[in-house]
Structure formats: C-alpha cells, structure tokens
*Asks:* 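Got a structure for you, questions after.
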Amino acid sequence: MSEVSIVPAPDLSGLRRAFLLAEDRVGHYPEFRDFLARAFDLDAKGLAEPGYLRAPSGGVYVLVFIGRSGELFPAGVEISALLPALAPLDEDVADRDLWAILRWVIEGVGGEWRIEDLDATGRLYRIGAAT
Amino acid sequence: MRAAENDAPPDWPYETRHARVNGWRMAYIDEGEGKPVLLLHGNPSWGWLWRKTVPPLLAAGCRVIVPDQIGFGRSEKPTREHAHTLDGHAANLAALAARLDLRDLTVVCQDWGGPTGLTFALSNPERVRALTIMSTWAWPEPAAEFHTRIFPWRMMHAPLVGPYLLGRHAALVGRGMYLSVVDRERFRHEAQPVYEAALPDASSRLLTWTWPRWIPLGRDARAYERFAWLERELQKTTWPTLLIWGREDEVFDAETFATRFKAMLPHAEGPHLVTGRHFLQEDSGAEIGVMIAGFLGRLDGGAA
C-alpha cells in the first residue's frame with residue numbers, strides 16, 4: 001500500500017513552493033509520462049493546474065507539469081514542497097518524502113519497473129531514505 | 001579528505017586555461033611541446049582522471065591537452081538537459097581543436113570521451129594522427145549488457161529517479177565511480193573527494209544522469225543514427241590505433257568491447273590489458289601513459 005496519495009489543491013495562502021527537483025525528460029521512458037498523464041488526468045487538464053501529493057510526513061508536494069513544443073505532454077515535471085511561506089525546509093523530511101514519491105511513481109508505472117529494484121538501487125548507492 | 005570545487009587537487013600542477021566553445025566556457029590544460037595528445041574523459045569525471053597519465057606523456061616530449069568536457073570539472077555546467085547532445089559535445093571538441101589549431105593529433109578517449117572524441121576525429125580527419133581507445137563503445141547496438149538492466153543502471157537514471165539519485169545524492173560521482181575502480185580504498189581516500197568537489201550541487205550534476213540517457217537501447221534512440229555513422233566511418237579509418245582495456249572492466253568488458261574494436265580496426269595495436277575497471281586510469285594511469293608514449297614513439301620510428 002502506497003503512503004503517497006493524490007490530494008485536491010490545498011489553500012495556498014501563506015504557503016510557498018520550496019523547489020526540490022526538476023525532470024526535463026519525463027518521457028525518456030514513455031511509461032513514466034503515461035503514468036503521470038493517467039494519474040493526474042493530464043490529457044484532459046493539460047497545463048491548467050498542477051498536481052498535488054500528500055507524502056508520508058503529511059506534507060503536500062506540488063507537481064508542475066512542463067510542456068515543450070513538438071513533444072508529448074508532459075515533457076517534464078518539477079516537484080516542490082509546500083511550506084509555510086517563511087519556514088525553512090527540513091531536508092531530511094523532504095528527502096524521505098521524495099523517496100516515497102519515487103516509490104509511488106514506480107509502483108504506478110509498473111511492468112518491468114519494480115519497487116524492489118528501486119529499493120535495491122537506493123541501497124546500492126547508500127541512500128538514507130532507502131535503508 | 002575534503003575538497004572544495006576550486007581547490008588545486010593533488011597531482012595536478014597545471015595552469016587551468018579557458019576557451020569559448022559553442023558559447024560555453026571550457027576549461028583545459030595545455031602542457032608541453034611536441035605533437036599534441038588530447039586526453040578525453042567521460043561521465044562523471046573530469047581532466048583530473050588523467051593525472052597519472054600526463055607525466056609520462058610530457059616526459060616523452062608530447063604536448064598534452066586535457067579538456068574538462070562541458071558539464072564537468074571546471075568547465076561551464078549547463079543547467080538544462082537540452083543543452084547536451086552528442087553532436088554538440090563533439091562540436092565542442094572541434095571548436096577547441098580549431099581554437100588551438102591542433103594538428104597531427106592523437107585522440108585518447110575513455111567512456112563518453114569515446115563517442116564524442118571519435119565523432120570529433122571522424123569529422124575533422126585532417127587534424128588527426130592516431131587514436132587510443134579505452135573502455136568505451138562506438139556502435140548503436142547491442143548495448144552493453146549492464147546498460148540494458150533495470151537494476152541498477154536504467155533505474156538509476158529513470159525519469160525523476162535520475163535527478164534524485166544522481167542529482168541530489170551524487171550517486172554516480174560518488175559511489176558509482178567507487179564501484180568502478182579496482183583499488184577502492186585508495187580511491188575513496190584520495191580521489192573520490194576530488195571528483196565530488198567538482199560537482200558540488202545537484203544542478204551541477206545534470207550531465208551525470210543526462211549522458212546515460214544518450215546510450216542507444218533500440219532503433220528509436222535519439223543517437224542511434226549518429227552511432228551507426230560512427231561505426232560505419234570508424235571501420236574505414238587507417239589511423240594508427242592503440243587499444244587499452246581494464247582487465248576487471250565490468251561495464252565495457254574487454255572480451256566483448258575490446259574484441260569488437262579490434263574486429264573493426266584490425267590494424268590496431270592491442271588490446272593491451274591493464275589493472276582496472278571502467279575508470280582504468282585510476283588504477284593504471286601511469287602505465288597507460290607509458291603505453292601511449294611507447295606507441296607514439298614507435299610511430300615516430302623510435303624503438304620505444
């Protein structure tokens with residue numbers, strides 16, 4: 001059971017986006033783009049609104065989908081944490097949440113992409129959140 | 001040992017120079033006099049990878065040019081993936097060679113120094129005298145078995161996973177290189193901090209997950225045609241060529257990859273096997289320098 005879930009757009013007043021990572025080429029393996037398009041209904045919504053995820057810490061993360069002329073949508077995606085406007089980022093919490101989001105993505109992509117392989121890759125490279 | 005991005009690393013007493021190449025700032029060293037030798041690194045290293053190879057070449061009377069390819073080392077590091085293409089990186093080398101008017105040049109390449117350097121050589125044949133090829137490839141298929149596996153290779157640079165693992169966590173420049181040398185303890189203490197310091201921030205490590213995505217895994221790969229051209233044209237060449245391979249190389253294993261280069265270039269010397277995994281310069285850099293110097297000496301009619 002994934003600890004990550006899609007949530008409605010929160011009330012953004014008093015919050016800021018704390019940028020965490022950018023993926024310029026989400027269709028490098030097309031099944032990743034297909035999963036995001038499916039999960040967030042992007043074929044219908046297009047660029048109209050970002051996606052929001054609640055992560056294991058309880059924090060909410062915003063996914064901003066990027067379009068590039070001549071490429072299937074979304075071409076890229078940016079992930080930011082939603083934080084109280086003037087609060088610093090807890091990097092350890094954000095890192096664990098990002099790892100959980102990656103596991104959610106891999107689970108959703110499915111097929112030959114397995115959470116077990118993500119976890120093994122994380123352990124091989126000694127990623128704290130993976131151990 | 002901790003190292004900072006602009007610290008002078010050990011065994012690298014050379015002046016860092018800069019040239020504009022295709023609008024980017026490229027760092028390089030240019031030492032010695034004589035016929036030029038261009039040493040080309042790949043992902044995720046920089047010119048310092050050749051630190052043990054440079055002295056024997058200088059001692060043999062070579063001029064040695066070692067660029068940090070754009071995106072690595074002390075060169076400019078573009079922050080958008082679309083800034084990086086195989087053709088663009090080859091053109092960067094062409095721009096540097098034109099800027100320095102390099103002729104009678106020996107191109108020495110390893111990892112992505114191979115596809116970029118060999119593409120440069122084939123598109124600038126009037127500048128080239130000889131080649132040395134190490135732990136790389138120059139054809140569209142088949143890919144190395146390692147590169148076809150989900151665990152760990154394709155997972156490591158998969159969408160979103162790449163920016164996290166290789167960007168935020170420096171997985172390739174840290175533990176990735178560590179796993180790809182023979183003497184890991186020495187590497188961990190002496191070399192790993194220097195490589196990590198050269199790519200200190202997640203955004204500076206963009207090319208470490210971008211290059212893996214340029215390895216063709218099928219006919220629809222964006223670099224497939226370039227690699228097909230590379231294979232086709234390379235096997236027409238008659239340049240004196242030296243093949244050096246790491247005995248312990250598990251990425252581009254000698255039995256598959258050095259053998260294939262030898263079949264493409266039957267006139268090539270070697271393959272000579274040295275102690276080394278993929279980053280064979282870390283374990284046998286000086287020996288490689290002596291080998292290249294001897295090879296060039298024989299071309300000049302010497303007895304080396």
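Throughout, a chain's letter reflects where its sequence line sits, starting with A, and its residues are numbered from 1.
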*Asks:* Hey, is CD on A/Glu71 packed in by over 12 heavy atoms from elsewhere, all under 6.0 Å?
*Replies:*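 More than 12 within 6.0 Å, yes.
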*Asks:* Identify the heavy atoms of A/Glu23 and B/Leu160 that sit nearest to each other, and give their distance.
*Replies:*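 Closest heavy-atom pair between A/Glu23 and B/Leu160: OE1-N, 2.8 Å.
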*Asks:* Find the one option among B/His82, B/Met156, B/His157 whose heavy-atom pairs under 4.5 Å with chain A are most numerous.
*Replies:*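 Of the options given, most contacts go to B/His82.
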*Asks:* Given 3.5 Å as the limit, does a donor-acceptor pair link the side chain of A/Asp24 with the main chain of B/Glu81, or not?
*Replies:*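 Indeed, once roles are kept as given, a pair shorter than 3.5 Å links the two residues.
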*Asks:* Roughly how far, to the nearest 0.5 Å, is CG of A/Leu102 from CE of B/Met155?
*Replies:*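 The CG atom of A/Leu102 is 9.5 Å from CE of B/Met155, to the nearest 0.5 Å.
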*Asks:* Please determine whether the number of non-hydrogen atoms from other residues, nucleotides or ligands lying under 6.0 Å from atom CD of B/Glu255 exceeds 12.
*Replies:*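 Not buried by this count: 12 neighbours or fewer within 6.0 Å.
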*Asks:* On a heavy-atom basis, which atom in B/Arg168 and which in A/Glu91 lie closest, and how many Å separate them?
*Replies:*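 Closest approach of B/Arg168 to A/Glu91, heavy atoms only: NH2-O, 4.4 Å.
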*Asks:* For chain B, find which of A/Asp95, A/Leu21, A/Leu98 contributes the most heavy-atom pairs closer than 4.5 angstrom.
*Replies:*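 The residue among A/Asp95, A/Leu21, A/Leu98 with the greatest pair count is A/Asp95.
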*Asks:* Given a strict heavy-atom distance threshold of 4.5 Å, which part of B/Arg154 is in contact with chain A: side chain, backbone, both, or neither?
*Replies:*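 Both the backbone and the side chain of B/Arg154 come within 4.5 Å of chain A.
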*Asks:* Any chance CZ of B/Arg80 has more than 12 other-residue heavy atoms, nucleotides or ligands included, within less than 6.0 Å?
*Replies:*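 No, CZ of B/Arg80 has 12 or fewer neighbouring heavy atoms, counting only those of other groups under 6.0 Å.
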*Asks:* Which residues, numbered in order, of residues 31-40 of chain A come under 4.5 angstrom of chain B by heavy-atom distance?
*Replies:*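 Within residues 31-40 of chain A, the residues under 4.5 Å from chain B are A/Phe32.
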*Asks:* Please name the pair of heavy atoms, one in B/Trp209 and one in A/Ala22, separated by the smallest distance, quoted to 0.1 Å.
*Replies:*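 For B/Trp209 and A/Ala22, the tightest heavy-atom pair comes out as CZ2-O, 4.5 Å.
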*Asks:* Minimum heavy-atom separation for B/Ala171 to A/Tyr125, with atom names?
*Replies:*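 Looks like O-CD2, 3.6 Å.
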*Asks:* Among A/Leu124, A/Val26, A/Ile106, A/Val109, which residue has the highest count of heavy-atom pairs closer than 4.5 Å to chain B?
*Replies:*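 The residue among A/Leu124, A/Val26, A/Ile106, A/Val109 with the greatest pair count is A/Leu124.
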*Asks:* Can you tell me how far apart CH2 (B/Trp214) and NE2 (A/His28) are? Round to the nearest 0.5 Å.
*Replies:*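 Those atoms lie 10.5 Å apart.
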*Asks:* Using every non-hydrogen atom in the two residues, find where A/Tyr29 and B/Pro159 come nearest and quote the distance to one decimal.
*Replies:*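 Looking at all heavy atoms of both residues, the shortest contact is CD1-CD, 3.6 Å.
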*Asks:* Side chain from CB out, backbone as N, CA, C, O: work out which of these in B/Leu179 comes under 4.5 Å of a heavy atom of chain A, or both, or neither.
*Replies:*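 Just the side chain, heavy atoms under 4.5 Å.
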*Asks:* Can you tell me which of A/Ile101, A/Ile79, A/Val105, A/Leu20 forms the most heavy-atom pairs within a distance under 4.5 Å of chain B?
*Replies:*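 Ranked by heavy-atom pairs under 4.5 Å with chain B, first place is A/Leu20.
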*Asks:* Can you tell me how far apart CD (A/Glu116) and CZ (B/Phe151) are? Round to the nearest 0.5 Å.
*Replies:*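 If we round to the nearest 0.5 Å, A/Glu116:CD and B/Phe151:CZ are 12.0 Å apart.
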*Asks:* Can you tell which part of B/Ala202 gets under 4.5 Å to a heavy atom of chain A, answering side chain, backbone, both or neither?
*Replies:*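 The answer is neither part of B/Ala202.
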*Asks:* Nearest 0.5 Å, please: how far is CZ in A/Arg25 from CZ in B/Arg213?
*Replies:*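 The distance works out to 7.5 Å.
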